[in-house]
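Okay, structure first, notes after.
What you see below is based on every heavy atom in this structure, not just the backbone, and it leaves out hydrogens, waters and symmetry mates. Numbering of ligands and ligand atoms starts at 1, following listing order.
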Amino acid sequence: GGVQSAKAATHFTPSKEDYQKVYNRIADLVADAGDYDDGSYGPVLLRLAWHSSGTYDKESNTGGSNYATMRFEPESLHGANAGLNVARELMEKVKQEFPWISYGDLWTLAGVAAIQEMGGPKIPWRPGRIDGVASQATPDGRLPDASQGADHLRQIFYRMGFNDQEIVALSGAHALGRAHRDRSGYDGPWTFSPTTVTNDFFKLLFDEKWVWKKWEGPKQYEDKKTKSLMMLPTDYVLTQDKSFKKHAKAYAEDQDLWFKDFSKAVSRLFELGVPTSQFVTSEPWIMANVDEQPA
Ligand code: ZEM
């Protein structure tokens, strides 16, 4: 009736084109990283999107990407989120330019742009997350602990509603980026091309010989040959657990298969905790890469 239409008239309803503009702005920032890490903000943006989504608990239906509660203390100070201030501050610039977008939509769209612009598969995405309040923040301990084994991975990811195949598919994100001494305590990249999405994480897991790194830091593996790559205990376990290994091998042998499964799992990950009724479209969108658009 009248109330509804009056409301619609006074509110800006962004279209897919408006979200594409945000995507494009994020893509500019991803590429314009100067000397930061390996020359891209893509990996740290993907990590922000993942940590804002991976707090989901299906039993209590709390956590997930809906409210972007990592903006608030103490969640912003949780050990697992160390270093993500870099990504949040970067996205703050985009928020200034497009104040109508919610933080949850902004951060997950940044994850999508990061994957797509670094050469990964298309990640179906749709907007609808709303900004929450500090009391909706999740307790510490919901994100995985890299020092643990297969039981822990299952406990954490089953809680989000994922199965073994999806755990392995999602873990392939470690093709990207690196660990930082002053963030997690771990050190180094997983692959030789940390700003390109490839299935090299899986290939290297099986092709290289992994030995414990001899150092004062937390227990991590290094490749015996070059000593320049790393694996976390939770990464290496993907080659040890029978069920994980089956999927990891399949992804090592077939990048297309991994792209397909990774896309599906990430798309779901980014929607955890968002009520279906909040989404503006029932069919998720495929955002265009920068190089697919007219210059
Ligand atoms: Zn990560 N991850 N992750 N991850 N992750 C790190 C870095 C990155 C685990 C983990 O403890 C760590 C997923 C799953 C899991 C990325 C994406 C995704 C780091 C290093 C650690 C310790 C942080 C640092 O020092 O900066 C564990 C235990 C996981 C369980 C399977 C999933 C799922 C991801 C996305 C879908 C990315 C992109 C990075 C690199 C960040 C950067 O700054 O370069």
Legend entry - Heavy atoms of other groups near E73 CD, more than 12 under 6.0 Å: no
Legend entry - Flag if over 12 foreign heavy atoms under 6.0 Å of NZ, K213: yes
Inset, instruction - Can you sort out which atoms of ligand 1 are near S171, meaning under 4.0 Å from one of its heavy atoms? - result: 31 (C)
Inset, instruction - Report yes or no: does W190 have a heavy atom closer than 4.0 Å to ligand 1? - result: yes
Legend entry - Salt-bridge criterion met for E166 and R268 (N-O under 4.0 Å): yes
Inset, instruction - Look at atom 39 (C) of ligand 1 and say which protein heavy atom is nearest, naming residue and atom and giving the distance to 0.1 Å. - result: R47 CD, 3.8 Å
Inset, instruction - Report yes or no: does a heavy atom of V266 sit under 4.0 Å from some atom of ligand 1? - result: no
Inset, instruction - Just need the protein heavy atom nearest to atom 38 (C) of ligand 1, so name the residue and atom and give the distance. - result: P43 O, 3.3 Å
Inset, instruction - Inspect the contact between R178 and D38 and indicate whether a charged nitrogen and a carboxylate oxygen are less than 4.0 angstrom apart. - result: yes
Legend entry - Modelled atom types, side-chain donor and acceptor of D261 and H247, under 3.5 Å: no
Inset, instruction - State, without any angle test, whether Y56 and N66 hold a side-chain donor-acceptor pair at a distance under 3.5 Å. - result: no
Legend entry - Closest non-hydrogen atom pair between A68 and Y103, with its separation: CB-CB, 3.5 Å
Legend entry - Which of the ligand 1 atoms, numbered from 1, are nearer than 4.0 Å to a heavy atom of R183: 24 (C), 25 (O), 26 (O), 43 (O)
Inset, instruction - Using a strict 4.0 Å cut-off to heavy atoms of T234, name the atoms of ligand 1 that fall inside it. - result: 28 (C)
Legend entry - Protein contact to atom 35 (C) of ligand 1 [nearest heavy atom, distance to 0.1 Å]: A173 CB, 3.3 Å
Inset, instruction - Compute whether any side-chain donor of one residue and acceptor of the other, for R129 and S65, lie under 3.5 angstrom apart. - result: yes
Legend entry - Close N or O approach (R178, ligand 1; < 3.5 Å): yes
Legend entry - Nearest option to atom 3 (N) of ligand 1, as decided by whichever heavy atom of Q148, H174, M160 sits closest: H174
Legend entry - Nearest neighbour of atom 33 (C) of ligand 1 from the list L170, L238, D182, on a heavy-atom basis: L170
Inset, instruction - Measure up the W212 and Y221 rings against each other and bin them: parallel (under 30°), tilted (30 to 60°), perpendicular (over 60°). - result: parallel
Inset, instruction - Describe, in one word, how the ring planes of W100 and Y19 are oriented to each other, choosing from parallel (under 30°), tilted (30 to 60°) and perpendicular (over 60°). - result: perpendicular
Inset, instruction - Give the numbers and elements of all ligand 1 atoms closer than 4.0 Å to a heavy atom of G177. - result: 40 (C), 44 (O)
Inset, instruction - Looking only at protein heavy atoms, identify the closest one to atom 13 (C) of ligand 1 and say how far it is in Å. - result: W50 NE1, 3.2 Å
Inset, instruction - Please could you name the atoms of ligand 1 that A146 approaches to less than 4.0 Å, counting only its heavy atoms? - result: 11 (O), 28 (C)
Legend entry - Part of L232 with heavy atoms under 4.0 Å of ligand 1, whether side chain, backbone, both or neither: side chain
Inset, instruction - Would you mind running through ligand 1 and noting each atom that sits below 4.0 Å from a heavy atom of S184? - result: 20 (C), 22 (C), 23 (C), 24 (C), 25 (O)
Inset, instruction - Identify which one of T234, D235, T191 satisfies the side chain to side chain donor-acceptor pair (under 3.5 Å) criterion when paired with H174. - result: D235
Legend entry - Within-cut-off N or O pair, H180 and ligand 1, under 3.5 Å: yes
Legend entry - Heavy atoms of other groups near K245 NZ, more than 12 under 6.0 Å: no
Inset, instruction - Verify whether one side chain among D131 and Y67 offers a donor that lies under 3.5 Å from an acceptor in the other. - result: no
Inset, instruction - Can you sort out which atoms of ligand 1 are near L176, meaning under 4.0 Å from one of its heavy atoms? - result: 40 (C)
Legend entry - Atoms of ligand 1 close to A179 [distance to a heavy atom under 4.0 angstrom, numbered from 1]: 20 (C), 24 (C), 25 (O)
Inset, instruction - Examine ligand 1 and decide if any of its atoms is less than 4.0 Å from a heavy atom belonging to G83. - result: no
Legend entry - Nearest neighbour in protein (non-hydrogen) for atom 30 (C) of ligand 1: P144 CG, 3.5 Å
